[in-house]
Amino acid sequence: MKYKHFAHRLLDWYGPNKRDLPWRNTNDPYIIWLSEVILQQTRVAQGLPYFEKFLQNYPKVQDLAQAPDEEVMRLWQGLGYYSRARNLHQCAKDIVEIHGGEFPGSYKELLKLKGVGSYTAAAISSFAFGEAAAVVDGNVFRVLSRYFGIETDIASPAGKREFEILANQIIPISAPGEFNQSIMEFGSLQCKPKNPNCLDCPLMEGCFAFNKEMVDQLPFKAKKIKVKERFFTYLHITSGNETVIRQRTAGDIWQGLHDFPLIESNDLDLENLQLLLLDPELNSLDPTVNLNSGKIFKHLLTHQRIFAKFISLEIERIHRANLLIWAEKQGYLLVNDSELENLGKPRLILKFLNGEK
């Protein structure tokens, strides 16, 4: 009975309080899938422009499947978690090549798609196909933990399983998609991580955390993320309107994107002269050096904190041929301004190029 009361209260709250978002006005699985992938680890305000941009460029899954890899990465540029973009593109290709351009219509079959986990599969199957598969994300963890008084660690496999079982017991068969939307929206707007609106909450009377004064303690997450610090010194090497770049390979952050020649060290105290002496051939091109005032850029990722500085090296055009030879030996590319603009680049590189602080 408590489950039905909980579900009804959420659905009653959802109608007048939900945000008008474009992916809520359709049951097209492609649009729903696209929005869910973009919104993973991303706030709605940040993800919405990317969603609109992708849908404008690729209105159908076939359009995305046929797009060049570099073009997809360029559109994703700045959104982070770039494995999502690679999986998105590969998944679109698989849907076209294996499934004839049609999304599988069940939770179990959706799970087999590249990059589609339990949350995304539940979202697509419930929103597009009306299957009673419960979504479980950070918002859902928080709402269920607080209301039902669940103190199990949400980062543990046992905890995730416990919440999934509970969510699937609660979800009403008559309105699975709307319920999933309502609980996620409730967690995002009402039952927020900090300063939730408890005094004007339709679930207040039955909420365990509110009645036990444990709102700030739930949900419980024991495992702390260990953050690694990394120190980058980038060489921004230009000659006229051309720039030396490299494509990042697998095995590290930003796979497939482009940045500049990089020296990674234990700190940022390397002197410019020492850097240049590391490569006498580059130094022989007599570059004009700009230390960019020693400015340090900070870039935060989930598991890494990056500190970077950029040293600009301008090579006269008379040395352009030798610069190209040097770049090719190193596995780098020499591209003009237009080409550089069209390549996918990490947010850190964009901040430098745009003169951001």
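The basis for the numbers below is simple: all heavy atoms, side chains too, and nothing from hydrogens, waters or symmetry mates.
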Next on the checklist: Run the side chain to side chain donor-acceptor pair (under 3.5 Å) test against K112 and tell me which residues pass, sequence neighbours left out.
Outcome noted: E109
Checklist entry - Please, which pairs that meet side-chain hydrogen bond (donor to acceptor under 3.5 Å, both in side chains) have at least one residue in residues 316-328, sequence neighbours excluded? => result E242-R317, E242-R320, D279-W326
Item to check | With sequence neighbours excluded, residues passing salt bridge (charged side-chain N to carboxylate O under 4.0 Å, His left out) with E178 | outcome: none
Item to check | Note, L257 side chain near M73 side chain (heavy atom, < 4.5 Å) | outcome: yes
Item to check | salt bridge (Lys or Arg N to Asp or Glu O under 4.0 Å) evaluation trace for R305 with E229 | outcome: CA-CA 5 Å; R305 182 182 294 112; E229 290 191 344; 3.3 Å; yes
Checklist entry - Within the side chain of S145, is there an N or O that forms a donor-acceptor pair under 3.5 Å with the backbone of I150? => result yes
Next on the checklist: Applying salt bridge (charged side-chain N to carboxylate O under 4.0 Å, His left out) as the test, list every pair that has at least one member in residues 280-290; sequence neighbours left out.
Outcome noted: E281-K329
Checklist entry - Is the backbone N or O of V215 less than 3.5 Å from a side-chain atom of R146, with the two atoms forming a donor-acceptor pair by type? => result yes
Checklist entry - Do you know which of R24, K18, K192 makes salt bridge (Lys or Arg N to Asp or Glu O under 4.0 Å) with E185? => result R24
Checklist entry - Are Y14 and L21 linked, directly or through other ILVMFWY residues, by side chains that come within less than 4.5 angstrom of each other? => result yes
Checklist outcome for this item: To the nearest 0.5 Å, atom OH of Y82 lies from atom CD1 of I253 at 10.0 Å
Item to check | Side-chain donor or acceptor of Q304 paired with backbone N/O of L301 under 3.5 Å | outcome: no
Checklist entry - Cluster partners of I325, using ILVMFWY side-chain heavy atoms under 4.5 angstrom, listed by chain and number? => result none
Item to check | Residue that, paired with I183, satisfies side-chain contact (heavy atoms from CB on, under 4.5 Å) out of L144, N139, I171, I170 | outcome: L144
Next on the checklist: Run L10 and L203 through side-chain contact (heavy atoms from CB on, under 4.5 Å) and show every step you take.
Outcome noted: CA-CA 8 Å; L10 279 180; L203 299 176; 4.0 Å; yes
Next on the checklist: Looking at N354, I want to see if its CG is surrounded by more than 12 non-hydrogen atoms of other residues, nucleotides or ligands under 6.0 Å.
Outcome noted: yes
Checklist entry - Is there a donor-acceptor pair under 3.5 Å between the side chain of S188 and the backbone N or O of M184? => result no
Checklist entry - For residues S126 and N180, is any side-chain donor paired with an opposing acceptor at under 3.5 Å? => result yes
Checklist entry - Does the side chain of T288 reach to within under 4.5 Å of the side chain of L313, using non-hydrogen atoms? => result no
Item to check | Intermediate values then yes/no, side-chain contact (heavy atoms from CB on, under 4.5 Å), V72 and R86 | outcome: CA-CA 8 Å; V72 174; R86 294 189 291 272; over 6 Å; no
Checklist entry - Should F148 and Y3 be marked as a ring pair (Phe, Tyr, Trp, His ring centres under 6.0 Å) after you check the CA-CA gap, both sets of side-chain angles, and the distance that decides it? => result CA-CA 10 Å; F148 292 100; Y3 290 173; 5.7 Å; yes
Checklist entry - Under 3.5 Å, side chain of H89 to main-chain N/O of A85, donor-acceptor pair present? => result no
Checklist entry - Under a 4.5 Å cut-off applied to non-hydrogen side-chain atoms, are K228 and H303 in contact? => result no
Checklist entry - Within the distance-only criterion (no hydrogens, no angle test), does the side chain of W76 pair as donor or acceptor with the backbone N or O of G80 below 3.5 angstrom? => result yes
Next on the checklist: Any non-hydrogen side-chain atom of L350 less than 4.5 Å from a side-chain atom of R347?
Outcome noted: yes
Item to check | Exam field: side chain K345 to backbone L343, donor-acceptor pair closer than 3.5 Å | outcome: yes
Item to check | side-chain contact (heavy atoms from CB on, under 4.5 Å) between I263 and F232, worked out | outcome: CA-CA 6 Å; I263 298 171; F232 291 179; over 6 Å; no
Next on the checklist: Checking Y147 against F6 for the side-chain contact (heavy atoms from CB on, under 4.5 Å) test, could you report, in this order, the C-alpha distance in whole Å, the side-chain angles of both residues, the deciding distance, and whether it holds?
Outcome noted: CA-CA 9 Å; Y147 186 80; F6 175 82; 3.5 Å; yes
Checklist entry - Side chain of K194, backbone of D216: donor and acceptor closer than 3.5 Å? => result no
Checklist entry - Going by the salt bridge (charged side-chain N to carboxylate O under 4.0 Å, His left out) test, which pairs reach into residues 124-135, not counting sequence neighbours? => result none
Enumerate donor-acceptor pairs with a distance under 3.5 Å from any side-chain N or O in residues 204-214 to protein atoms, sequence neighbours excluded.
from : atom 1 : to   : atom 2 : distance (Å)
N211 : ND2    : E205 : O      : 3.0
N211 : ND2    : C207 : O      : 2.8

Checklist entry - Once you round to the nearest 0.5 Å, how far does CG of L113 lie from CD1 of I124? => result 7.0 Å
With a 3.5 Å cut-off and sequence neighbours excluded, list the donor-acceptor pairs that the side chains of residues 51-61 form with protein atoms.
from : atom 1 : to  : atom 2 : distance (Å)
K53  : NZ     : L75 : O      : 3.2
N57  : ND2    : K53 : O      : 2.7
Y58  : OH     : E71 : OE2    : 2.8

Checklist entry - How about W23 and D28: do any of their side-chain heavy atoms sit closer than 4.5 Å? => result no
Checklist entry - Mind checking what makes side-chain contact (heavy atoms from CB on, under 4.5 Å) contact with R43, not counting sequence neighbours? => result A45, Q46
Item to check | Between CZ on residue R248 and NE2 on residue H258, distance to nearest 0.5 Å | outcome: 11.5 Å
Checklist entry - What's the verdict on salt bridge (Lys or Arg N to Asp or Glu O under 4.0 Å) for D259 and R246, showing C-alpha distance, side-chain angles and the deciding distance? => result CA-CA 6 Å; D259 60 3; R246 61 167 196 158; 2.8 Å; yes
Checklist outcome for this item: Those residues at least two apart in sequence (or on a different chain) that pass side-chain contact (heavy atoms from CB on, under 4.5 Å) with E36 are I32, Y119, T120, A123, F127
Checklist entry - Hey, what do you get for CD1 (I318) to CG (L323), rounding to the nearest 0.5 Å? => result 12.5 Å
Next on the checklist: Is a donor from one side chain sitting under 3.5 angstrom from an acceptor on the other, for T42 and R84?
Outcome noted: yes
Next on the checklist: Please tell me whether F179 and F186 form a close aromatic pair, meaning their ring centres lie under 6.0 Å apart.
Outcome noted: no
Next on the checklist: In the structure I gave you, are the side-chain heavy atoms of N168 and V136 within less than 4.5 Å of one another anywhere?
Outcome noted: no
Item to check | Under the side chain to side chain donor-acceptor pair (under 3.5 Å) test, residues paired with D20 that sit two or more places apart | outcome: N25
Next on the checklist: Quick test of your reading of the model: are D252 and R230 salt-bridged, counting only N-O distances below 4.0 Å?
Outcome noted: yes
Just distance, no hydrogens or angles: give the donor-acceptor pairs under 3.5 Å from side chains in residues 91-105, sequence neighbours left out.
from : atom 1 : to  : atom 2 : distance (Å)
K93  : NZ     : D69 : OD1    : 3.4
D94  : OD1    : Q90 : NE2    : 3.0

Next on the checklist: Whether the side chain of S239 engages the backbone of I315 through a donor-acceptor N/O pair (distance < 3.5 Å, no angle test) should be reported.
Outcome noted: yes
Checklist entry - With no hydrogens and no angle check, is any side-chain donor or acceptor of N292 less than 3.5 Å from a backbone partner on F310? => result yes
Checklist entry - What distance do I349 atom CD1 and I245 atom CD1 have between them, rounded to the nearest 0.5 Å? => result 10.5 Å
Checklist entry - Would a 4.5 Å heavy-atom cut-off, applied to side chains only, mark Q190 and C201 as touching? => result yes
Item to check | Nearest-0.5 Å distance, CZ of residue R142 to NZ of residue K221 | outcome: 11.5 Å
